[in-house]
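Keep in mind it's a predicted model, so treat the numbers as computed, not measured. All heavy atoms count here, side chains included; hydrogens, waters and symmetry mates do not. Ligands are counted one by one from 1 in listed order, and the atoms in each one are counted from 1 as well.
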Amino acid sequence: MSFVTHLECANCGKQFTAGQPHNLCTDCQRPLWVRYDLDAVKSAFPRERLAKRPADLWRYRELLPYADPANVVSLGETMTPILSTPRLGAELGLGNLLFKDESRLPTGSFKARGMALAITMANEFGIRRVACPTAGNAGGAMAAYASRAGMESYVFMPDDTPVINMKETHLAGATVVRVNGLINDCGRLVGEGRELMGWFDLSTLKEPYRIEGKKTMGLELA
Ligand SMILES: [Zn+2]
């Protein structure tokens with residue numbers, strides 16, 4: 001079970017039913033937020049219990065959107081450490097400069113948090129093919145999680161994307177398309193291919209669950 005009550009447009013407040021795939025608000029084309037029954041979470045889950053759970057992203061499961069734990073797609077999303085960086089801090093005139101080292105996550109960046117949840121939800125909905133535009137490390141993350149789930153993935157990258165990101169995405173199992181254009185051209189191609197190719201569009205903020213994964217960074221800090 002999950003504690004999700006519904007989804008809600010961040011702009012106009014229109015409500016959407018949970019338990020089915022969504023992209024943007026159908027009225028105003030803005031992103032959707034996932035809403036939870038926070039009172040129910042509070043009474044079902046005493047905070048002290050958290051300490052006994054494994055130190056990973058899934059320890060916050062009452063605040064995550066999936067219904068069935070069997071649908072979770074994971075590559076081992078460990079909690080990330082906070083590192084003190086006194087020499088860099090001194091150079092910048094900052095007394096206590098701290099870094100949260102997200103490079104410890106699978107595929108080496110915070111993008112893994114978002115894709116872990118986005119692919120988990122796609123898996124829960126029975127989606128078997130996903131696509132996204134990127135000029136950086138979101139492609140590698142999506143490809144790795146899609147491969148883990150046995151899904152096909154397509155990644156559209158501008159021609160000037162660093163070669164390392166293209167190689168990573170390809171090696172993680174995606175079909176990589178180099179686009180002679182900018183990131184918005186890549187986004188347009190993903191949108192245009194939705195009907196033709198039958199893929200689900202996992203562009204940032206064009207589906208509601210990547211941000212549900214990314215928020216765990218804040219939960220770790222809280
Ligand atoms: Zn709206």
- Item | Test applied, side-chain hydrogen bond (donor to acceptor under 3.5 Å, both in side chains); reference residue, Glu212; option that passes from Trp33, Tyr36, Tyr60 | Tyr36
- Could you label the plane-to-plane angle of the Tyr209 and Phe125 rings as parallel, tilted or perpendicular, counting under 30° as parallel and over 60° as perpendicular? tilted
- Arg113 side chain to Thr216 side chain, donor-acceptor N/O pair below 3.5 angstrom: yes
- Just checking, is any N or O donor in the side chain of Thr80 or Glu102 under 3.5 Å from an acceptor N or O on the other one? yes
- Aromatic rings His22 and Phe16: how do their planes relate, parallel, tilted or perpendicular, breaks at 30° and 60°? perpendicular
- Message: Determine whether Thr17 and Gln20 satisfy the following criterion, side chain to side chain donor-acceptor pair (under 3.5 Å), listing intermediate values before the conclusion.
- Response: CA-CA 7 Å; Thr17 313; Gln20 54 185 253; 4.6 Å; no
- Query: What protein N/O/S atoms are found closer than 2.8 Å to the Zn ion (ligand 1)?
  - Reply: Cys9 SG, Cys12 SG, Cys25 SG, Cys28 SG
